[in-house]
Structure formats: structure tokens, C-alpha cells
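For reference, the structure is listed below as C-alpha cells.
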Amino acid sequence: MNYNPQKIELKWQRYWEKNKFYQAKDGQGKKQYILIEFPYPSGEGLHVGHCRPYIALDAVARKKRMEGYNVLFPIGWDAFGLPAENYAIKTGIHPQVATEKNIANYKRQVKSLGLSFDWSREINTTDPKYYKWTQWIFLKLFEKGLAYQAKIPINWCPSCKIGLANEEVVSGACERCGAIIGKKTLKQWMLKITAYADRLIDDLKKVNYPDRVKAQQIEWIGKSYGAEIVFKVVGSPGKIKVFTTRTDTLFGATAIVLAPEHPLVEGLITAKNREKVEKYIVEAKKKSDFEREKIEKEKTGVFTGSYCFNPANNEKVPIWIGDYAIATYGGGAIMVVPAHDYRDYDFAKKYGLKIKEVVSGGDISKEAFVNYGRLVNSGQFTGLKSKEAIEKITKWLEVNGFGRKTVQYKLRDWVFSRQHYWGEPIPLVFCENCAVKIKNQKSKIKNNEFNEGELLNPGWIAVPEKNLPVELPFVEKYQPTGTGQSPLAVISDWVNTKCPKCGGDAKRETDTMPNWAGSNWYYIRYCDPENDKELASPKKIRYWLPVDWYNGGMEHTTLHLLYSRFIYKFLFDIKIVSQPEPYQRRTSHGIVLAEDGRKMSKSFGNVINPDDIVQKYGADTLRIYEMFMGPFDQAIVWNTQGVKGVYRFLEKVWKLCSKISGAAKACPDVLRALHKLNKKIDNDLEATKFNTIISAFMEFANLCHEHKAEVDKKTIEKTLILLSPFAPHLTEELWRKLGHSKSIFFTKWPKYDPKLIKEEITTLVIQINGKVRDKIEVDAGISETKAKKLALSREKVKNWILDKEIKKIIFIPKKLINFVV
RNA sequence: GCCGCGGUGCUGGAAUUGGUUUACAGGAGCGACUUAAAAUCGCUUGGGAAUUUUCCCAUGUGGGUUCGAGUCCCACCCGCGGCACCA
């Protein structure tokens with residue numbers, strides 16, 4: 001029989017599923033929790049790029065099982081979010097219906113690859129039994145005062161008619177539709193992720209993530225150390241607080257710039273300047289972030305007419321307004337030190353501000369000098385080095401009440417509400433009665449009558465836990481209202497409810513949660529997916545978590561990965577989970593590009609559907625090709641031609657293993673190669689070097705092919721076991737053909753014998769002055785003296801040395817001998 | 001501008017971490033089988049000179065360290081990803 005994947009793959013997939021091969025057992029033995037990012041089931045189905053991480057981690061999971069681990073390798077569906085809703089708007093098909101259909105298709109595709117997921121733990125974020133707990137987590141955040149409502153200008157996508165988080169805005173445009181983002185001021189629920197900023201940085205030390213992931217998260221959080229300095233306004237009690245990391249340049253501050261949105265602006269505008277300033281502010285507010293960015297280099301500003309005192313030397317410095325000061329960072333106020341900051345230099349040049357050198361080392365007549373140096377023109381601090389000056393000036397400010405040491409973060413709190421239908425309802429109601437009570441009678445409120453969140457957000461009352469989930473009502477119309485309200489707002493019998501605190505009339509929150517809400521914690525739910533009493537039982541959480549190996553895309557580094565770490569830390573604080581970090585190890589896969597080198601996309605018509613490859617070559621070929629195509633963490637171009645090569649390899653394995661030579665013992669070369677292969681798989685799988693594993697297999701198959709007559713049954717069996725995590729169907733089939741009644745996946749993972757790997761004979765390279773001139777076959781254990789003698793006896797070597805004097809000999813056992821002449 | 005990653009044949013890439021550069025595949029060429037094609041199986045395939053023996057040059061560019069550099073150091077060029085008026 002020839003290799004025919006169509007005849008064997010479905011058979012074994014059904015067999016494995018029927019016999020529940022891959023179901024993890026709670027609390028039994030040493031565990032491995034292996035996780036892939038659960039897919040968003042879109043209407044387009046899987047493409048070969050999605051499969052790459054699933055296939056890779058499937059191989060890992062399969063190997064770990066054979067090594068005796070109790071492996072949890074689960075899958076589920078992240079199904080809330082915009083695409084389903086946009087699709088519903090277009091077609092009138094309810095997101096629920098479309099989602100179910102998409103899931104069915106995804107499931108069929110995933111199953112056709114022979115992946116060893118534990119389907120008994122399948123979850124779906126849009127299932128009320130699941131999102132009950134997504135809502136529960138929100139309630140806990142709310143109770144602890146980590147959720148608050150704020151009226152803020154948010155990123156507004158005019159096309160999707162939705163507010164977006166900073167993370168969803170990609171260079172000024174909507175991550176989903178590409179429209180230019182504007183600003184809209186709306187009341188939004190915010191999560192205090194900033195309260196966890198330090199821990200999110202510090203705890204990266206505890207986990208094994210790629211450096212680039214750590215670096216990106218740290219940069220995103222953007223912690224900087226500096227000082228807050230107080231500038232007193234001339235002729236008024238007003239005080240302006242600025243943030244700087246360069247306290248040493250304080251004497252060079254020749255102006256203050258406030259963001260147009262700064263709360264003190266109004267009081268600082270003098271009558272003479274009013275018209276100009278107001279016009280500027282109106283213009284600035286109109287600009288979107290994108291426009292601001294585009295004209296980034298061109299600084300603009302306007303003088304308010306007011307002055308303040310530089311605390312260092314009591315000089316009067318003008319107060320300006322300029323939109324290069326960012327409202328949401330450092331209090332939206334900066335001290336302008338033109339001599340030592342590029343931006344301030346531009347600004348000062350444009351508006352004729354004083355440029356005063358206070359750190360020596362550059363030529364400020366040409367450009368700003370931003371490096372550290374020695375202080376000049378800085379009163380008592382003149383002569384100090386920058387580093388020392390920063391400390392001393394900060395201390396001086398503190399002593400004299402002009403400022404204090406502080407830190408700033410780029411990270412902002414997380415905008416957690418969306419004005420859309422297809423998401424988890426936020427489990428809060430607004431009660432006018434309670435709002436009045438909290439606002440007016442704070443002192444009379446009994447202890448524990450309201451939780452922290454309710455006091456922080458007067459009128460917003462938590463839906464009691466026992467009433468969860470707040471189910472998403474069925475609607476006919478999904479269109480965003482465009483007014484900033486979600487489509488839920490028009491369903492009056494859902495919106496109108498009773499206040500759980502006072503029983504009075506109340507209205508439900510009609511915003512829903514962002515699509516990240518369900519994915520924040522899904523991997524916890526896998527530990528105990530059916531539990532309707534708790535998020536998951538503490539016992540199971542303790543057993544399974546943290547995740548041992550989590551693979552996902554780089555694009556989630558500052559999104560899902562950061563968010564879910566934050567949520568996990570919160571759950572740790574309220575003692576739901578027992579360690580501070582959710583993922584012990586993180587790896588990232590590179591994306592698979594289409595054959596034309598572009599991203600695979602329906603609009604380019606260049607998508608490769610795994611169905612086609614499975615149909616033509618079989619799942620095992622697809623699996624091995626995706627591992628072989630290139631380094632796992634690198635983007636790679638798909639090449640259907642290359643798929644053929646893998647198919648040929650599997651055919652070779654098939655032929656080799658379905659006919660046994662009858663040799664009683666493998667020849668030493670084959671045996672050694674087999675043990676080397678074993679070692680290589682062990683090492684390279686851990687290092688995610690899947691491509692070299694496959695090429696090692698190919699080399700081994702080629703070797704066996706050469707030594708056809710000397711390959712025994714034992715060798716073939718071991719080869720099949722080693723290959724089984726990568727090509728499960730083919731190996732299972734051949735395994736049975738060899739007469740085994742039990743599955744190959746019940747065998748133990750083989751251990752290589754280090755003694756057998758040792759080469760007895762090696763090629764010793766002979767170099768003259770570092771250049772290869774000859775090679776000899778020698779005993780691996782040959783001594784330097786012997787090697788030298790042997791090398792010098794060679795004709796070629798003699799010719800190269802001739803009458804020259806040997807100055808030095810370098811001998812590396814098993815590798816080379818080098819004569820320096 | 002800053003942070004991170006990378007640059008090796010015609011192509012995807014390998015190189016035990018300082019020790020035989022180009023493994024493994026794809027593609028191309030030649031040959032075998034075949035009426036023929038596909039498939040399959042052999043052989044060839046970095047460049048140049050010489051074709052029995054061989055020699056020189058090649059890992060983005062230019063320097064350096066070293067007996068020896070794709071690998072380490074310095075400077076530069078190019079590509080990719082992220083951040084970006086963050087004070």
C-alpha cells in the first residue's frame with residue numbers, strides 16, 4: 001500500500017477523540033499547562049498562518065504526554081467583538097448565529113489537523129455561563145475601586161462609531177477599519193491598570209519571556225524617574241506643577257508650556273491676549289492625535305500674558321500654551337529648557353525665548369545639548385556633574401517646598417467600555433436615589449452600605465453576584481447609535497430595572513466590555529470550565545496554574561498579554577489565584593506571509609486555506625511543512641512548492657517503515673544517528689527550533705535509505721515514536737502495521753544514550769595558518785602528539801610547510817589541528 | 001529620533017555558540033525508467049581560474065581582536081517590527 005493520508009487521517013482523528021486520548025486529568029501527577037491564544041472565529045475561517053502555533057505547541061504537548069506529564073492543552077473561542085457585529089449590520093444575521101456557524105467551521109478545520117486539544121474543556125466567551133465570570137471579575141474590580149467612570153476625550157472611530165483604547169489605535173488610525181481616529185468626549189468606564197504599573201515591570205523578572213517582549217512591555221509602561229517642580233504664578237496664588245527628568249537644567253528654564261487642556265489655563269490668560277489664546281485652544285482641540293503627529297516637528301504655541309517664578313533663581317518666566325505639551329502626561333505642564341532639549345530649542349527659536357546654557361559640553365548656538373555634563377550658570381550648583389546635580393537640586397527643592405521626587409508613566413488607565421452590542425454587558429445599574437444619598441449624606445452612610453466602587457462613582461450600583469450573568473438581550477438592530485450610546489440603550493424593558501440597593505427605579509449601563517475582557521482570564525477557566533459556583537475551584541487553580549508555556553503573537557504584547565497580566569495580579573490580590581504571574585514562559589511565533597510576500601488577506605486574494613493542503617497532501621504534510629519552513633519566531637513566506645518536498649519526505653518514511661529489512665541489528669552508523677536525532681529533538685523542541693528538528697529527520701531518513709538493508713525493526717519503531725508528535729497520523733498507522741495493538745501515543749518517549757552518540761572516528765581538520773589544507777580520519781580520542789605526527793606525515797601538509805618553521809600548534813580534540821608557520 | 005530583531009547560494013534557510021561555511025529542502029540542469037507525460041530514482045548545482053591532482057575569492061560595507069570570525073569589538077549602509085512632541 002502506498003502512502004495515502006486521506007485514507008488514514010480521519011480514521012485516527014476519530015479514534016483518538018472517541019477514546020478521549022487528550023483529556024487532562026485534574027490533580028494527577030506532574031502537570032504541564034500548554035496554551036495557545038484561543039482564536040477569534042471569523043467568517044473567513046482559518047488560514048495556514050493561524051495553524052502554525054497550534055501545530056508547534058501540539059507537538060510539544062504530545063511529546064510531554066509521552067514523557068509522562070499530565071498535559072492540559074485546551075482550546076476555546078474568543079467570540080465577542082466588532083467583526084461579528086459589523087457582519088450582522090451588513091447581512092442582518094444575528095452575531096450569535098454567525099458566531100455559531102463560524103465556530104463550527106473553525107472546529108472542523110482545527111480537527112482536520114489532528115491537534116490534540118482537550119475538547120472537553122472547550123469554552124466560548126459569548127456563552128452566558130462563561131461571561132458570568134467575566135462580569136464577576138469586573139464587579140470585583142469595581143468593588144475595590146479599580147473601575148471608575150471618567151468623562152474623557154477618547155479615541156473615536158468615525159467609521160465604526162466606537163471608542164477605542166490607545167492600544168487599538170495604530171498610527172492614528174483604527175486598528176480594525178483603518179479610518180482616521182478623532183476625539184470625542186464621553187463618559188467611559190476606566191480600569192486602573194496604572195496602579196499595577198510597577199508590578200507589571202518588576203515581575204517580568206520572574207518569568208521567562210523573550211527579551212523583545214519584555215522590552216516592549218517596559219517601554220509601553222514607560223516609567224521615568226524625575227521631579228515635580230512648583231512654579232508660583234506672578235501676582236496670583238496659582239501654582240504650576242511641572243514634571244522633569246532633568247532637574248539639573250532647572251536654572252535654564254526660561255518658560256513654562258501648558259497643554260491647551262490644562263485646568264489652570266483659563267485663569268492665566270490676560271485680557272490683552274485672550275482672543276489669540278482662545279483661538280489657539282479651539283484649534284488645538286480640533287486637531288486629532290493623527291494631525292498632531294503629522295505636524296509633529298512644527299511646534300506651535302501662544303503666550304498667555306502671565307508669568308511665574310523659576311524657583312531656582314526667582315527669575316520671571318513667561319507662561320505659554322502649546323500642544324506639544326501632552327495633557328495626559330506629567331500633569332500637562334513642562335518647563336522649557338531650550339539649551340538642553342531639542343523640542344524646547346525649536347520652540348524657543350520660533351518664538352524668540354531666551355536660550356540659557358546651564359550644562360556645559362555643547363555648542364548651544366547651533367543646537368540643544370541634551371547630554372549630561374558639568375553645570376554652569378546654576379548658582380550654588382555650578383560645577384556639579386549632571387547626575388549629582390539632579391540629586392542635590394531635587395533635595396534642595398524638597399527642603400524648600402518647591403517640589404519633590406516623583407515618577408511618571410506613559411501607561412494610561414484602560415478605557416473599558418464600548419458603545420456596541422456584541423460584548424459583555426457591564427453589570428452595573430444607575431440609581432438616582434442612591435446617587436443623591438451618596439453625594440449629600442456621605443457622613444451618614446453606614447459602614448459597608450456601599451462598596452468602594454459605589455462611593456467612587458455615585459449612583460452606580462453593582463448588580464449583586466447572585467443575579468449574574470446580566471444577559472445580553474436579543475436585539476434586531478445592531479447599528480451603533482453614533483451618539484455615543486450602544487444599541488442596547490433603546491431596549492427600554494431591559495434598560496429599566498430596579499436598584500438592588502434601594503429598590504427604586506434604576507437604569508442599566510448600556511455600554512459593553514471591550515473584546516479583551518473575555519480573553520483576560522480564559523486560561524483560568526480552562527482549569528474548571530463547568531464550575532457554576534466559582535471562577536474555578538481553588539484546588540484546580542493551584543494544580544494547573546501558572547501556565548507553563550504560552551505561545552502567541554507579538555501583536556498582543558502590549559494588548560492581551562499586558563492586560564491579562566494585570567487582571568491576574570488583581571485576582572492574586574483578592575486571593576483567587578495563588579501566584580503573581582499567569583504565564584511562566586512565553587514564546588512568539590512569526591506570521592506566515594502569502595506567496596507574494598504580503599500579508600494573507602481576503603482583499604488581496606492570496607490566502608492559503610489549510611483545507612486545500614490537507615485535502616491534497618494530508619494534515620501530516622501541512623504540519624511538518626509549517627514546522628520546517630523556517631525559524632518559528634520569524635515571519636516567513638508560504639511556498640506551496642516546498643510543501644511537496646515534505647510530502648516526499650513522508651513518503652520516504654512510509655516506504656522505509658512499511659517494509660522491514662529483517663536485519664537483526666541496526667548498523668552502528670544508523671544507531672548513532674538515531675540517538676543523535678533523539679537528543680536533537682529534546683534540545684530543539686524546548687528551544688522552539690522546530691525547523692532543525694525536521695531537517696534532522698530528513699537527514700536521518702536519507703541515511704536509513706542508504707543503509708536500507710541494515711535498518712532493524714527496533715530502529716523503525718523508535719523513529720516512529722520520535723516522529724509521532726509531528727506526524728501523528730502517519731506514525732500511528734505505521735505503528736499499528738508493525739503489529740501493535742495499543743496506540744503509539746501510549747509509548748514512552750525514548751531516552752538517548754550519551755555513550756552511543758560519541759563518535760569513535762572523527763574527521764580531524766588540518767589547518768595551516770588557520771586555513772583548511774587537509775582532513776584525516778582519526779580515533780576520536782587521539783592525543784595531540786599522535787595527531788601532530790600523523791598530520792605532518794601527510795604529503796599535502798609537507799608541501800605547505802616545506803622549510804618553514806612551525807611557531808605554534810593549536811590542537812582542539814575531535815575538531816582540528818592548526819599549524820602556525 | 002529611541003528600543004528590539006535581522007542581512008549567508010537562484011529561493012526558504014543550516015552552522016554543535018570562536019573551529020570543515022552553505023546542512024536540509026525547493027528550483028534549475030543532465031541521465032535512467034516510459035510510446036509520452038507525470039511520478040519515481042541517480043548525478044550536478046556559490047563565484048572565478050584550471051578541469052586527472054588543485055588554487056584563489058566569497059556570510060551587507062569598511063576597519064579591528066584572534067592561530068582561526070557568519071559568530072566577538074568599532075564605524076557605516078540596508079530591511080523588518082515596536083514606540084514616538086512622554087519633558
Side-chain angles (χ1 to χ4, degrees), chain A residues 2 170-171 210-220 222-224 226 242-246 249 253 257 259 292-293 295-300 322-326 328-337 340-344 346-347 370 408-412 554-555 557-558 590-591 625 628-631 633-646 648-649 651-652 655 676 679-680 683 689 691-702 705 763-775 795-796 799 807-810 812 814-821:
Chain A
N2 290 328
V170 178
S171 58
D211 287 343
R212 57 184 173 150
V213 170
K214 287 189 182 181
Q216 248 184 64
Q217 289 207 345
I218 290 168
E219 193 183 323
W220 184 261
K223 184 176 188 176
S224 30
V242 305
F243 174 73
T244 183
T245 54
R246 291 297 301 271
T249 64
V257 170
R292 279 195 184 188
E293 207 169 290
I295 47 170
E296 177 184 315
K297 296 292 172 268
E298 184 63 24
K299 309 250 173 319
T300 61
D323 64 5
Y324 84 97
I326 297 161
T328 48
Y329 185 83
I334 57 177
M335 63 179 202
V336 179
V337 187
H340 305 292
D341 181 282
Y342 294 123
R343 295 151 304 182
D344 295 346
D346 290 349
F347 191 74
V370 298
Q408 281 287 327
Y409 303 90
K410 288 189 206 172
L411 185 71
R412 315 277 158 83
M554 274 309 282
E555 71 274 18
T557 300
T558 52
I591 58 168
Y625 174 66
F628 180 58
M629 61 198 304
D633 59 355
Q634 234 168 267
I636 198 98
V637 175
W638 179 269
N639 178 5
T640 301
Q641 226 16 278
V643 177
K644 278 191 199 166
V646 170
R648 285 182 198 139
F649 160 67
E651 264 190 319
K652 191 179 268 180
K655 279 183 197 157
K676 272 183 152 175
K679 182 181 177 184
K680 187 158 183 67
N683 292 339
K689 287 160 79 176
N691 53 331
T692 53
I693 291 178
I694 305 302
S695 62
F697 263 117
M698 288 173 168
E699 277 179 83
F700 181 70
N702 292 342
H705 187 74
T763 312
L764 193 73
V765 170
I766 304 172
Q767 295 184 335
I768 314 288
N769 287 340
K771 289 203 172 179
V772 181
R773 296 303 180 189
D774 202 0
K775 294 165 196 178
E795 278 306 312
K796 277 189 216 164
N799 285 338
K807 284 187 188 153
K808 199 173 169 187
I809 298 170
I810 290 123
I812 312 280
K814 290 178 214 168
K815 288 222 168 87
L816 57 81
I817 183 157
N818 186 11
F819 296 98
V820 186
V821 297

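Separation of the P atoms belonging to B:G13 and B:U65 is 34 Å when rounded to the nearest angstrom. Remark: the separation of the P atoms in B:A38 and B:U34 is 15 Å, to the nearest Å. Of the C1' atoms belonging to B:U21 and B:U8, the separation is 8 Å, rounded to the nearest Å. When the C1' atom is used for both B:A14 and B:C67, the distance is 26 Å, rounded to whole Å. Going from the P atom of B:C24 to that of B:C41 covers 15 Å, rounded to whole Å. Using atom P as the reference point in both B:G47 and B:C10, the two lie 7 Å apart (nearest Å). Taking atom C1' on both nucleotides, B:C77 is separated from B:U61 by 7 Å, rounded to a whole Å. Comparing B:U17 with B:A84, their C1' atoms sit 35 Å apart, to the nearest whole Å.
Residues A:F819 and A:R773 fail the side-chain proximity criterion, which asks for heavy atoms closer than 4.5 Å. Between A:Q767 and A:V772, the closest side-chain pair of non-hydrogen atoms falls below 4.5 Å.
Taking for each of A:T692 and A:G642 the nucleotide of RNA chain B with the nearest heavy atom, the 5'-most of the two is the partner of A:T692. Nearest-nucleotide assignment on RNA chain B puts the 5′-proximal partner with A:V646, out of A:V646 and A:V820.
A close approach under 4.0 Å does occur between a side-chain nitrogen or oxygen of A:H705 and OP1 or OP2 of B:G42. Phosphate proximity of B:C41 to A:K655: absent, as no side-chain N or O sits under 4.0 Å from OP1 or OP2. The side chain of A:K652 places no N or O atom within less than 4.0 Å of a non-bridging phosphate oxygen (OP1 or OP2) of B:C24.
Looking at heavy-atom distances under 4.0 Å, A:I636 makes contact with sugar-phosphate atoms alone, never a base. At the heavy-atom level, A:D344 lies nowhere under 4.0 Å from the strands shown. Among the heavy atoms of the strands, none lies under 4.0 Å from A:H340. When heavy atoms are screened at a 4.0 angstrom cut-off, A:V765 is found touching base atoms of the nucleic acid. Residue A:F628 is classed as a base contact, given a heavy-atom separation below 4.0 Å to a base. Within the nucleic acid shown, A:G222 has no heavy atom closer than 4.0 Å to any nucleic acid atom. As judged by a 4.0 angstrom heavy-atom cut-off over every strand, A:Q408 is placed among residues making no nucleic acid contact. At a threshold of 4.0 angstrom between heavy atoms, the contacts of A:S224 are confined to the sugar-phosphate backbone, with no base atom among them. Across all strands, A:K644 comes closer than 4.0 Å to no nucleic acid atom at all (heavy-atom distances).
Of all nucleotides present, none satisfies the Watson-Crick or G-U wobble test against B:A39 with each distance under 3.5 Å. B:G70: no Watson-Crick or G-U partner with both key distances under 3.5 Å is found in any strand. Using the Watson-Crick or G-U wobble rule with both distances under 3.5 Å, B:C5 pairs with B:G79. Nucleotide B:C85 forms no Watson-Crick or G-U wobble pair with any nucleotide shown, as no partner meets the under 3.5 Å limit on both distances. The partner of B:A28, taking Watson-Crick or G-U wobble pairs whose two distances both stay under 3.5 Å, is B:U44. Of all nucleotides present, only B:A49 satisfies the Watson-Crick or G-U wobble test against B:U54, with each distance under 3.5 Å.
Between A:F649 and A:F697, the two ring planes are tilted [angle within 30° to 60°].
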How far apart are the C-alpha atoms of A:M335 and A:T249, what are their side-chain angles, what is the distance that settles it, and do they pass the side chain to side chain contact (heavy atoms under 4.5 Å, CB included) test?
-> CA-CA 10 Å; A:M335 63 179 202; A:T249 64; 3.7 Å; yes
Please lay out, stage by stage, how A:Q217 and A:T557 fare under the test side chain to side chain contact (heavy atoms under 4.5 Å, CB included).
-> CA-CA 7 Å; A:Q217 289 207 345; A:T557 300; 3.7 Å; yes
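Counting only heavy atoms from C-beta on, A:K775 has its side chain closest to B:U20 among B:C67, B:U20, B:A87. In this structure, the nucleotide among B:G68, B:C83, B:G26 sitting nearest to the side chain of A:K410 is B:C83. Among the nucleotides B:G42, B:U40, B:C83, the one closest to the side chain of A:E219 is B:C83. Comparing B:G68, B:A15, B:G13 against the side chain of A:N818 picks out B:G68 as the nearest. Which of B:C67, B:C24, B:U20 sits closest to the side chain of A:S695 comes down to B:C24. With B:C41, B:G27, B:C57 as the candidates, the nucleotide lying closest to the side chain of A:Q641 is B:G27. In this structure, of B:C3, B:G19, B:A87, it is B:A87 that holds the atom nearest to the side chain of A:Y329. The side chain of A:Q216 approaches B:G82 more closely than any other nucleotide in the set B:G19, B:C85, B:G82. Side-chain proximity of A:N702 to the nucleotides B:C24, B:G19, B:A15 is greatest for B:C24. Taking only side-chain atoms of A:N691, from C-beta outward, the nucleotide of B:A87, B:G13, B:U16 with the closest atom is B:G13.
Distance CZ (A:R648) to P (B:U40): 5 Å, rounded to an integer number of Å. When rounded to the nearest whole Å, the span between CZ of A:R773 and P of B:U54 equals 12 Å. Rounded to whole angstrom, the span from the CZ atom of A:R212 across to the P atom of B:C5 amounts to 9 Å. For the pair A:I693 CD1 and B:A15 C1', the computed distance is 16 Å after rounding to whole Å. When the C1' atom of B:U17 is taken as reference, atom CD1 of A:I812 falls 14 Å away, rounded to whole Å. A:Y409 places its OH atom 21 Å from the P atom of B:C83, with the value rounded to the nearest Å. When the C1' atom of B:G19 is taken as reference, atom CD1 of A:I817 falls 13 Å away, rounded to whole Å. Here B:U66 presents its C1' atom at 12 Å from CD of A:Q767, a figure rounded to the nearest Å.
A donor-acceptor pair under 3.5 Å is absent between the side-chain atoms of A:Y625 and the main chain of A:G645, judged by distance alone.
Environment of NZ in A:K652: crowded, with over 12 heavy atoms of neighbouring residues, nucleotides or ligands closer than 6.0 Å.
Checking A:N683 against A:K689 by side-chain atom types alone, no donor-acceptor pair falls below 3.5 Å.
Applying the 90° criterion around 0 to the glycosidic angle, B:G9 comes out syn. Shown here, B:U17 is classed syn by the O4'-C1'-N9-C4 or O4'-C1'-N1-C2 angle, which is within 90° of 0.
At a cut-off of 3.5 angstrom, counting only N and O atoms as typed in the model, there is a donor on one side and an acceptor on the other between the side-chain of A:K299 and the base of B:C85.
Atom CG in A:N2 sits 7.5 Å away from atom CD in A:E651 (nearest 0.5 Å).
Nearest heavy-atom pair, A:V337 versus A:A253, reported as atom, atom and distance to 0.1 Å: CG2-CA, 4.0 Å.
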